[in-house]
Amino acid sequence: MAIDKKQVEEIVRAVGGKENIEAATHCVTRLRFALYDESKVDTESLDQNDLVKGQFSSQGQFQVVIGPGLVDKVYDEMIQITGGDRSSKDDVKAAAGKKQNPIQRAIKTLSDIFIPILPAIITAGLLLGINNILTGPGIFFDGKSLVDVYPAWKDLASIINTIASTAFTFLPALIGWAAVKRFGGSPLLGIVLGLILVHPDLLSAYGYADAVNNGTVPTWNLFGWEIEKIGYQGQVLPVLVSAYLLAKMEIFLNKRVHDSIKLLVVAPVTLLITGFLAFTIIGPVTFAIANAITSGLIYVYDSYAALGGLIYGGLYALLVITGMHHTFLAVDVQLIGSQGGTFLWPMLALSNIAQGSAALAMMLVLREKKMRGLAATSSVSAFLGVTEPAIFGVNIRYRYPFIFGMIGSAIGGVLLTMNNVQATSIGVGGVPGFLSIFPDKWGVFFIGMAIVLVVPFVLTVLFGRAKLRKEDRSASNETVAEPKAATSQSASGVTSSTAKTDPNQRTRSAAQVGDEAVNTLEIMAPLTGQAVSLEQVPDPAFAEKQMGEGVAIEPSGNVVVAPFDAQVAHVIKSKHAVILEHASGLQVLIHVGINTVSLKGEGFNMHVEAGEHVKAGQKLLEFDRKVIEDAGYPLITPIIIPDGQDMVERVEVTTGDVTSNQSGVLKVHLKG
């Protein structure tokens, strides 16, 4: 397809001109800009550009959605127009990172460190929850636990506790691995550093307070310098600071030590110096800082419990939007390690439920079938601890359910803090969250759960229906202006809109073009997993259908197969996406994961080449789930029918469990 140079020039002007572009690159669907000043972007001009399917800003990058098969041509033309240098994804990411303030960079750093180890922490939390059920007194029998009444279960509970507590006992090793990797060093050295800090020869941090009271804290005597011989179990700050030092020292030595002796010099020197400083300076100082922070939180919690619950419980969902909620993972872990429990995490669990309840209420408010379906599925996800689909897909879109969710969560937070409800560990949020709560506080937690279920639901339904009635009255008295749209007439005389309306309106418009005969192409599922609506994809370009209709699959396997007999139209260089073309001319994009372009092909193995003909069910590519998950990228895989294909009349989507080669996950109705 030929590119109109004037339209590309308009894109350059709309982003502030070439002098406003610090760096630019592209992925399979969009242009990615690091701009000097985003306030210079002319969004209206971009909206009116036929090449542009959508636009948004994320993590310092301004992204212009063009669509697959076209974006690379637009990028090439743009480079010729601006005379700029081609940039890599890392160049743009680095330039974009400079735009973030220190707080944003710190939050992102913590997020990059803790998200990869979160599955291990959550798993440990769930297992500790099971242990709580077995060993908690008063749950099944008055004053006694299950293992007290049935001693045969005691050793089973002990094994479960050993398995569950390992992640927390050796938490510095997990943090060391993730932190050193994030700071650019060798992850293996990070693991060793973490294990050094919890070596069995050291006094456990959990026994430090008693040892101080008894005057039995062991010490090292370095030529008269007394150093406490303690470990850092459950501590966050000591290993974070030590990991940063280790990574920077390793990088420094790697650049200066000759290759022939690197193995003998770099790792030993790095570990020796970092370990020595960790025990002599970094550990004691950060240990004191961590204890001071913990003491401050405990003081606020003890003195102003209701206020703390109101603020944290009410604003937690807002923290999710900004990404700052990842910061509190470190606080939770610190509280658990030093105090044996956290009062923050129970409020997180109730916030999850509150947002899910508000989203569920929208089922009784919304009239559009597809959005009602999204409200239902995203609410279930929130009840199980994952709120992003509910928050970004439904609640933020309509605003008032998000606000009512925060109100319910704030009330629940006050109840929890006033009754000293704490969690023994970080587990799964939402309804299963009770497993991590101290069993003697389950009753209060369940009351809080009832509050966050009822309050947001009732308020959302009442306000939403009142809002609908008001809109209906206004509609009966006013003429509703149609969105401004460019129109084009098909050969059969049917006029279709090309306005950039909301995705639901676009679906309705497409469904109205139904007077002419159509052929139906049933597209098989290219992966095994759970098919979900595009609205649940954590990326605006896909979720808002800026590139076209389709479906997404949460894969349970790691193989992508051809969903029909096709020709491979395009293979993305980073191997994470492929475009197939059917004999009818219809093109389909299969895009594995979100932002996986940043992996530069790592973890992907492409089995086909552009121009190759493939049969339905033939293997297209394989991907390494662990590589993608460890990098912190979602595995959800959109299957898109790109906009601009005049042959498409409408697209039907089927969701639910699917297997590779299962027919009908998408039904594409072709004109004529």
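- Under the 3.5 Å distance criterion, the side-chain polar atoms of Asn352 are left unmatched by any main-chain donor or acceptor of Phe383.
- Partners of Glu554 under the side chain to side chain donor-acceptor pair (under 3.5 Å) rule, at least two apart in sequence or in another chain, do not exist in this structure.
- Ala423 and Pro346 make their closest contact through N-CG, 3.8 Å (heavy atoms, listed as atom of the first residue, atom of the second, distance).
- Atoms OG1 and CG, from Thr520 and Leu666 in turn, are 12.5 Å apart once rounded to the nearest 0.5 Å.
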Item to check | Pair Glu549-Arg650, salt bridge (charged side-chain N to carboxylate O under 4.0 Å, His left out): steps then yes or no | outcome: CA-CA 9 Å; Glu549 293 283 353; Arg650 59 191 174 91; over 6 Å; no
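- Residues Asp539 and Arg30 meet the side-chain proximity criterion, which asks for heavy atoms closer than 4.5 Å.
- Among pairs with a residue in residues 542-563, those fulfilling ring pair (Phe, Tyr, Trp, His ring centres under 6.0 Å) read Phe542-His591, at least two apart in sequence or across chains.
- Rounding to the nearest 0.5 angstrom, the gap separating the OG1 atom in Thr424 from the CG atom in Leu435 is 9.5 Å.
- Looking at residues two or more places apart in sequence or on another chain, you find no ring pair (Phe, Tyr, Trp, His ring centres under 6.0 Å) involving Phe623.
- Listed by chain and residue number, Leu384 satisfy the side chain to side chain contact (heavy atoms under 4.5 Å, CB included) test with Val380 (two or more places apart in sequence, or in another chain).
- Two residues are said to be in side-chain contact when any heavy atoms from C-beta on lie closer than 4.5 Å; Val551 and Leu534 fail this criterion.
- Side chain of Ser351 to backbone of Ser409: no donor-acceptor contact under 3.5 angstrom is found.
- In summary, the side chains of Asp657 and Gln662 do not present any donor paired with an acceptor at a separation below 3.5 Å, with no hydrogens or angles considered.
- The side chain to side chain donor-acceptor pair (under 3.5 Å) check on Ser379 picks up nothing, with sequence neighbours excluded.
- Evaluation of the salt bridge (charged side-chain N to carboxylate O under 4.0 Å, His left out) rule for Glu522 yields Lys667 as partners, not counting sequence neighbours.
- For the side chain to side chain donor-acceptor pair (under 3.5 Å) test, residues two or more places apart in sequence or in another chain that qualify with Ser584 are His582.
- Looking at residues two or more places apart in sequence or on another chain, you find a salt bridge (charged side-chain N to carboxylate O under 4.0 Å, His left out) between Glu629 and Arg625.
- Here the side chain of Thr637 pairs a donor or acceptor atom with the backbone of Leu635 at under 3.5 angstrom.
- Annotation: salt bridge (charged side-chain N to carboxylate O under 4.0 Å, His left out) contacts involving residues 433-461, sequence neighbours excluded, are absent.
- Phe463 meets the ring pair (Phe, Tyr, Trp, His ring centres under 6.0 Å) test with Tyr400, Phe404; sequence neighbours excluded.
- In terms of modelled atom types and a separation under 3.5 Å, the side chain of Asp630 and the main chain of Pro116 share no donor-acceptor contact.
- Under the 4.5 Å side-chain criterion, counting only non-hydrogen atoms from C-beta, Ile553 is not in contact with Val532.
- Between the CH2 atom in Trp345 and the OH atom in Tyr316 there is a gap of 9.5 Å [rounded to 0.5 Å].
- Two residues are said to be in side-chain contact when any heavy atoms from C-beta on lie closer than 4.5 Å; Leu364 and Thr460 fail this criterion.
- Between Val592 and Phe604 there is a side-chain heavy-atom pair separated by less than 4.5 Å.
- The aromatic rings of Phe446 and Phe434 sit tilted relative to each other, their planes meeting at an angle between 30° and 60°.
- Qualifying ring pair (Phe, Tyr, Trp, His ring centres under 6.0 Å) partners for Phe457, counting only residues two or more places apart in sequence or in other chains: none.
- Looking at residues two or more places apart in sequence or on another chain, you find no side chain to side chain donor-acceptor pair (under 3.5 Å) involving Asn558.
- Between Leu415 and Ile451, the closest side-chain pair of non-hydrogen atoms falls below 4.5 Å.
- Using a 4.5 Å cut-off on side-chain heavy atoms (C-beta onward), Phe62 and Leu46 make contact.
- Atom CG of residue Asn419 and atom CZ of residue Phe343 lie 15.0 Å apart, to the nearest 0.5 angstrom.
- Using a 4.5 Å cut-off on side-chain heavy atoms (C-beta onward), His669 and Val651 make no contact.
- Taking both residues in full, the closest heavy atoms of Pro526 and Ile639 are given as CG-CG1, 3.8 Å, listed atom of the first, atom of the second, then distance.
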